[in-house]
Amino acid sequence: MSENRPLVETRNLCKYFDTPRGQLHAVEEVNLSIKAGETLGVVGESGCGKSTLGRVILRLIPPTRGEVYYEGENILEYRGKQLKKMHVNMQMIFQDPFTSLNPRLSISNIIAEPMKVCGLVRNRREMAERVRELMEVCGLPARYVNTYPHELDGGRRQRVGLARALAVDPKFIVCDEPVSALDVSIQAQILNLLMDLQEQKGVSYLFITHDLCVVRHISHQIMVMYMGQVVEFAEKNELFKNPLHPYTKALLSAIPTIDLSRRNRERQLLRGEVANPINPKPGCRFAPRCAYAAQECLEPQTLREVAPGHKVACWRCQG
Ligand SMILES: Nc1ncnc2c1ncn2[C@@H]1O[C@H](COP(=O)(O)OP(=O)(O)O)[C@@H](O)[C@H]1O
Ligand SMILES: [Mg+2]
């Protein structure tokens with residue numbers, strides 16, 4: 001595989017939910033591309049469609065339309081054996097380490113389960129050996145092997161979730177807010193573990209979070225979502241240095257700072273919540289909260305490249 005070929009790609013990916021009040025556009029025309037060994041961070045407020053995007057990519061729920069490619073193949077067309085292979089390559093780590101582990105299974109059985117499902121080990125001894133190895137990689141002391149999830153704290157549970165995802169040696173992992181439920185000091189440990197694994201094994205991540213400090217730490221590229229749509233996409237340093245979309249700017253200005261010289265800098269606070277995108281109108285979905293809203297915002301906004309690798313969906317920023 002050539003260096004620059006993407007590992008995972010989506011094309012015009014959409015997911016709509018039928019609700020009693022109309023069609024809810026949770027994910028709208030998302031085009032993304034993740035290279036081997038890299039992390040694409042997805043940020044946006046709660047309800048903007050991040051988890052739905054991750055689920056559709058892993059086929060946990062079907063898309064309304066659009067395509068998902070893994071190494072150039074449309075995985076939405078996969079059936080039977082191919083699907084099994086897909087699950088070996090693509091895994092997920094969930095936000096809540098308290099509900100995402102089966103409380104009735106021991107730690108060793110939780111970690112072993114995906115290997116059993118995918119038929120990856122020949123016998124019990126091999127399985128036990130592999131579980132031991134995964135626990136070590138994820139920083140879980142061997143004494144926990146026969147304990148149950150309720151006996152572990154949040155950080156250790158999330159390490160179990162990670163060991164389970166790694167058990168099949170995936171090349172791509174969707175991390176859905178994997179550290180949001182953890183204390184800050186434990187967050188850093190888990191993030192560093194994920195980054196070490198990336199360096200050693202070349203895993204790619206789609207890393208979902210609402211936390212900009214976390215996304216800055218872990219991502220190569222960042223995608224900003226608002227109400228199901230991508231409003232900005234750029235390389236990490238470029239996005240933090242030169243945010244263009246009014247929504248991205250508002251998000252960045254809301255990061256708490258302890259730098260005293262910046263204390264009086266005006267903060268563009270985001271007012272109100274993200275509304276449910278039910279039967280949305282064609283114009284910019286952020287316009288009702290945007291300080292710069294104008295007549296032009298009633299037109300559909302397209303994501304355009306304004307500098308190499310930097311895309312934004314706002315007519316004001318497109319020169
Ligand atoms: N199964 C579902 N049925 C109806 N609406 C849903 C369903 N799942 C998610 N939604 C809606 O889709 C939108 C995006 O949700 P979600 O992807 O969970 O956002 P995020 O992960 O960014 O917080 C929200 O408005 C949510 O209420
Ligand atoms: Mg979510």
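Note that ligands are numbered from 1 as they come in the structure, with each ligand's atoms numbered from 1 the same way. The shown structure was predicted, so the numbers you read here are calculated from the model rather than taken from an experiment. Below, each value reflects all heavy atoms present in this structure, side chains not excepted, and no hydrogens, waters or symmetry copies.
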Inset, instruction - Could you check Tyr292 against Arg316 for side chain to side chain donor-acceptor pair (under 3.5 Å), going step by step and ending with a plain yes or no? - result: CA-CA 9 Å; Tyr292 311 98; Arg316 285 181 67 253; 5.3 Å; no
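- Among Met225, His25, Gln95, Lys50, the residue whose heavy atom sits closest to atom 22 (O) of ligand 1 is Lys50.
- Atom OG of residue Ser100 and atom CZ of residue Arg164 lie 5.5 Å apart, to the nearest 0.5 angstrom.
- Glu151 and Tyr144 are not linked by any side-chain donor-acceptor pair at a separation below 3.5 angstrom, with hydrogens and angles left out of the test.
- For atom 2 (C) of ligand 1, a protein heavy-atom neighbour is found at a distance under 4.0 Å.
- At a 3.5 angstrom cut-off on N or O pairs, Thr52 counts as close to ligand 1.
- The protein heavy-atom contact nearest to atom 14 (C) of ligand 1 is Gly47 O, 3.4 Å.
- Less than 4.0 angstrom separates some heavy atom of Leu24 from each of these atoms of ligand 1: 11 (C), 12 (O), 13 (C), 25 (O).
- Once rounded to the nearest 0.5 Å, the distance linking CD of Glu9 with CD of Glu67 reads 10.0 Å.
- When every heavy atom of Leu76 is checked against every heavy atom of Arg79, the shortest pair comes out as O-NH1, 3.4 Å.
- Relative orientation of the His245 and Tyr247 rings is perpendicular, given thresholds of 30° and 60° on the angle between their planes.
- Residue contacts with ligand 1, taken as heavy atom pairs separated by less than 4.0 Å, do not involve Asp176 at all.
- Distance check: Leu120 CG to Met127 CE gives 8.5 Å after rounding to the nearest 0.5 Å.
- Residue side and main chain included, Ser51 places an N/O/S atom under 2.8 Å of the Mg ion (ligand 2).
- The shortest N/O to N/O separation between Gly49 and ligand 1 falls below 3.5 Å.
- At under 3.5 Å, not a single nitrogen or oxygen of Ala26, backbone or side chain, sits near a nitrogen or oxygen of ligand 1.
- Closest to atom 9 (C) of ligand 1 among all protein heavy atoms lies Phe17 CE1, 3.6 Å.
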Inset, instruction - For the pair Glu45 and Arg289, evaluate salt bridge (charged side-chain N to carboxylate O under 4.0 Å, His left out) and give the outcome as yes or no after the intermediate values. - result: CA-CA 13 Å; Glu45 290 159 288; Arg289 290 166 88 189; 3.1 Å; yes
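- His25 and Gln229 share no donor-acceptor pair across their side chains, judged by distance under 3.5 Å alone.
- Annotation: Pro277 places no N or O atom under 3.5 Å from an N or O atom of ligand 1; distance criterion only.
- In this structure, atom 25 (O) of ligand 1 lies nearest to the protein heavy atom Asn276 OD1, 3.1 Å.
- Contact between Ser46 and ligand 1 is present, with at least one heavy atom of the residue lying under 4.0 Å from the ligand.
- Here the heavy atom of the protein found nearest to atom 18 (O) of ligand 1 is Ser51 CB, 3.9 Å.
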